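Dropping a structure here in structure tokens format, bear with me for questions.
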Amino acid sequence: PALCELLVPGAGLAQLASTGLGGGTFLQQLMFVNLALVAFNLLPAFPMDGGRVVRALLAMVMDYVRATRVAAFVGQIFAVGLGFLGLFNPMLLLIAAFIFIAAATEAQQVAVREQLAGYQVRDGMRRQFRVVPANGSIRECALDLLESQQDEFPVIRDGMFVGMVRLDTALNAMESDTATTFAEVMQAGVRPIEEDEPLMKSMEQAPAGQNKTLPVTSDGVLTGLLDLRQVFDLIRARTRLRTQPTHGAARTMQPVSSIT
């Protein structure tokens, strides 16, 4: 990983300075640091390259997720040992902490990808939601906004999706009298995602920032909201419903309602 490639040379240079190995030429010192980097990167400590080799070997006899979990555990054990060795060396402690956290993060990401494999956006989206009109008055809609239990709303103009607005942004604008309509405070340029897109791909490509809800469309028509905080809850609930018998008649619910 890139961070390790920065940390290890720094540790090597610090060691050269502190132990007096800097007696050679600069090129000799540089060669020593690079050899140390290569040797360190080949250690079987996930997510270093050596740890990835361990995972590849384990994946030959077990599933990929379990192989990643085992390799990550080995990497964390190595990180703990490195931490004990570096009790009086801040650089080694920093490297140990990075390896420990990175191993856990990598294992979690692989588990998430495996769990979401085969799911499409429609499997994790919310089908009941409220929209607000671009020219609608924030003050007149404030009570409905609060009762909706949403914190982000699609903004509609002439039946077309034009942006997203956060509840706190709209209410702050109303209280400070800096805006009166949703069009003035909405975030334009939000790219809707399609229902049939792979769920994991859409989540990975979601723009970083405050927005945790993405608009979902089908053939240009707004059909749902993908709440990145509730994806797993929705998938688990729908999986349970598919495996349980249905008693009585199914209920039909209005998928979209508008605040006007």
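No experiment lies behind these values; they were computed from the predicted model shown.
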Next on the checklist: Would F182 and C141 count as a side-chain contact (heavy atoms from CB on, under 4.5 Å) here? Give the steps.
Outcome noted: CA-CA 10 Å; F182 294 105; C141 298; 3.8 Å; yes
Checklist entry - Is the number of heavy atoms from other residues, nucleotides or ligands within 6.0 Å of CG (D158) greater than 12? => result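 No.
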Next on the checklist: Working note: R122 + R127, criterion side-chain contact (heavy atoms from CB on, under 4.5 Å); need CA distance, chi angles, decisive distance, verdict.
Outcome noted: CA-CA 9 Å; R122 63 168 58 92; R127 292 181 172 84; 4.1 Å; yes
Item to check | Identified side-chain contact (heavy atoms from CB on, under 4.5 Å) partner of V132 from the options L145, I156, T181, D144 | outcome: L145
Next on the checklist: So does Y119 get a backbone contact from the side chain of D123, meaning a donor-acceptor N/O pair under 3.5 Å?
Outcome noted: no
Next on the checklist: I'd like to know if R139 and D177 make a salt bridge, using a cut-off of under 4.0 Å between side-chain N and carboxylate O.
Outcome noted: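 Answer for the salt bridge query: yes.
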Checklist entry - Roughly how far, to the nearest 0.5 Å, is the CG atom of N135 from the CZ atom of R157? => result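 That separation rounds to 5.5 Å.
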Item to check | Nearest-0.5 Å distance that lies between atom OG in S218 and atom CD1 in I193 | outcome: 12.0 Å
Item to check | Test item: side-chain donor near acceptor, T223 and E195, under 3.5 Å | outcome: yes
Next on the checklist: For the OG1 atom of T213 and the CE atom of M164, what is their distance to the nearest 0.5 Å?
Outcome noted: 5.5 Å
Item to check | Nearest non-hydrogen partners of F100 and Q76, listed with the distance | outcome: O-NE2, 3.3 Å
Next on the checklist: Between M174 and L167, is there shared hydrophobic-cluster membership here, with clusters defined by ILVMFWY side-chain heavy atoms closer than 4.5 Å?
Outcome noted: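 The answer is yes; both residues are in one hydrophobic cluster.
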Next on the checklist: How long is the straight-line distance from OG1 of T178 back to CG of N172, given to the nearest 0.5 Å?
Outcome noted: 8.0 Å
Item to check | Inter-residue atom distance L214.CG - E152.CD, 0.5 Å rounding | outcome: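 It is 8.5 Å, given to the nearest 0.5 Å.
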Checklist entry - Which residue pairs pass the side chain to side chain donor-acceptor pair (under 3.5 Å) test with at least one member in residues 101-113, sequence neighbours excluded? => result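 Non-adjacent pairs meeting side chain to side chain donor-acceptor pair (under 3.5 Å): R52-E106, R113-E204.
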Checklist entry - Stepwise, does the side-chain contact (heavy atoms from CB on, under 4.5 Å) test hold for I138 with V165? => result CA-CA 11 Å; I138 299 175; V165 62; over 6 Å; no
